[in-house]
Amino acid sequence: MARLDLGYIDMYLIHAPWPWEEFGADYRVQNRTVWEQMESFYTSKKVRAIGISNFNVRDQEDLYAHAKIKPMALQLQYYIGFTEDDNVKCAQDNGLLVEAFSPLATGFLLNNDAVKAVAGHYNTGVAQVAIRYVLQKGLLPLPKATSPAHIKANTELSFTINDEDMKTLDQLKDTAPGEDNNRY
Ligand SMILES: NC(=O)c1ccc[n+]([C@@H]2O[C@H](COP(=O)([O-])OP(=O)(O)OC[C@H]3O[C@@H](n4cnc5c(N)ncnc54)[C@H](OP(=O)(O)O)[C@@H]3O)[C@@H](O)[C@H]2O)c1
């Protein structure tokens with residue numbers, strides 16, 4: 001906290017339920033201990049919300065069964081064509097806000113012709129359709145942009161993707177070749 005020079009932190013997450021070099025390994029027991037620390041950060045009021053990231057159903061269910069304070073948010077990779085439905089449902093059924101990181105597939109989605117065609121129906125761009133799609137799915141999108149023009153464009157979301165176009169987007173596969181999915 002001293003090094004961040006902040007009075008409090010808005011949200012603090014466990015980045016992943018396993019060490020990154022052991023992707024997918026079973027660390028359920030260790031996560032219970034880590035979570036006790038997260039709970040103490042929250043009760044100290046130095047952190048306003050605590051949550052998890054990249055937790056699959058196995059790891060989520062174990063944590064929810066043992067937590068005194070449930071995580072408030074799950075952050076996972078989510079974009080048109082890669083939606084982690086089981087992990088999202090598990091979190092939403094347990095009352096968590098689900099945040100979609102990389103909703104533009106780190107940029108790899110931007111050249112997708114099928115999404116471009118849908119964007120044309122609303123006179124907007126692929127990025128806006130990708131972000132709007134996430135919102136209409138009931139998730140909070142977490143796009144990142146360094147260009148001021150992109151930052152502004154990503155707030156221009158006052159249109160609604162109709163049911164037919166949502167179905168088209170739901171059926172798209174392999175929308176972002178090159179993106180390194182967290183497949184676990
Ligand atoms: N929890 C986790 O494990 C995890 C993992 C990965 C990422 N994240 C977080 O998720 C957030 C977003 O992730 P991300 O950077 O991978 O992906 P992203 O938001 O899907 O894509 C970012 C890329 O899209 C471009 N972009 C943004 N808006 C655009 C627009 N309107 N038109 C055209 N291009 C646009 C950006 O370009 P410019 O920069 O040039 O604007 C950048 O190259 C980050 O805050 C990151 O920390 C979390």
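Small disclaimer: the values here were computed from a predicted structure and weren't measured. Order of appearance sets the numbers: ligands from 1, and atoms from 1 within every ligand. Sequence positions, counted from 1, serve as the residue numbers for this chain.
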In terms of atom number and element, which parts of ligand 1 are under 4.0 angstrom from non-hydrogen atoms of [X]?
X: S53; answer: 1 (N), 2 (C), 3 (O)
X: P103; answer: 19 (O), 20 (O)
X: L110; answer: 33 (C), 34 (N)
X: A145; answer: 27 (C), 28 (N), 39 (O), 41 (O)
X: A127; answer: 30 (C), 31 (N), 32 (N)

Of the side chain and backbone of [X], name the one, both, or neither that has a heavy atom under 4.0 Å from an atom of ligand 1.
X: A105; result: backbone
X: S147; result: both
X: S102; result: both
X: V126; result: neither

Next on the checklist: Determine whether Y27 and D59 satisfy the following criterion, side-chain hydrogen bond (donor to acceptor under 3.5 Å, both in side chains), listing intermediate values before the conclusion.
Outcome noted: CA-CA 8 Å; Y27 274 80; D59 297 325; over 6 Å; no

Item to check | Electrostatic pair R32-E36, nearest N-O below 4.0 angstrom | outcome: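 Salt bridge between R32 and E36, a charged N being under 4.0 Å from a carboxylate O: no.
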
Next on the checklist: Could you check whether D86 pairs with R58 (Lys NZ or Arg NE/NH1/NH2 to Asp/Glu carboxylate O, under 4.0 Å)?
Outcome noted: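 Salt bridge between D86 and R58, a charged N being under 4.0 Å from a carboxylate O: no.
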
Hey, does the side chain of [X] reach the backbone of [Y] with a donor-acceptor pair shorter than 3.5 angstrom?
X: D165; Y: V118; value: no
X: R132; Y: F159; value: yes
X: W35; Y: I69; value: yes

Item to check | Minimal non-hydrogen separation, K137 against Q92, with atom names | outcome: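 Nearest pair, atom of K137 first, then Q92: O-NE2, 4.3 Å.
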
With [atom] as the reference point, say which of [options] has the nearest heavy atom.
atom: atom 2 (C) of ligand 1; options: F101, Y79, F108; result: F101
atom: atom 20 (O) of ligand 1; options: L109, I151, N154, L104; result: L104
atom: atom 25 (C) of ligand 1; options: K152, K144, Q77; result: K144
atom: atom 32 (N) of ligand 1; options: E156, E99, Q128, H150; result: H150
atom: atom 43 (O) of ligand 1; options: T106, N54, L142; result: T106

Can you give the donor-acceptor pairs under 3.5 Å from side chains of residues 102-114 to other protein atoms, not counting sequence neighbours?
residue, atom, partner, partner atom, Å
T106, OG1, E179, OE2, 3.2
N112, OD1, A114, N, 3.0
N112, OD1, V115, N, 3.0
N112, ND2, T175, O, 3.3

Item to check | Polar atom proximity, H15 to ligand 1 (N or O, under 3.5 Å) | outcome: yes

Ignoring hydrogens and angles, write down the donor-acceptor pairs under 3.5 Å from the side chains of residues 8-16, residues two or more places apart or on other chains.
none

Checklist outcome for this item: Between Y78 and the options V134, L142, V98, L140, the side chain to side chain contact (heavy atoms under 4.5 Å, CB included) test singles out V134

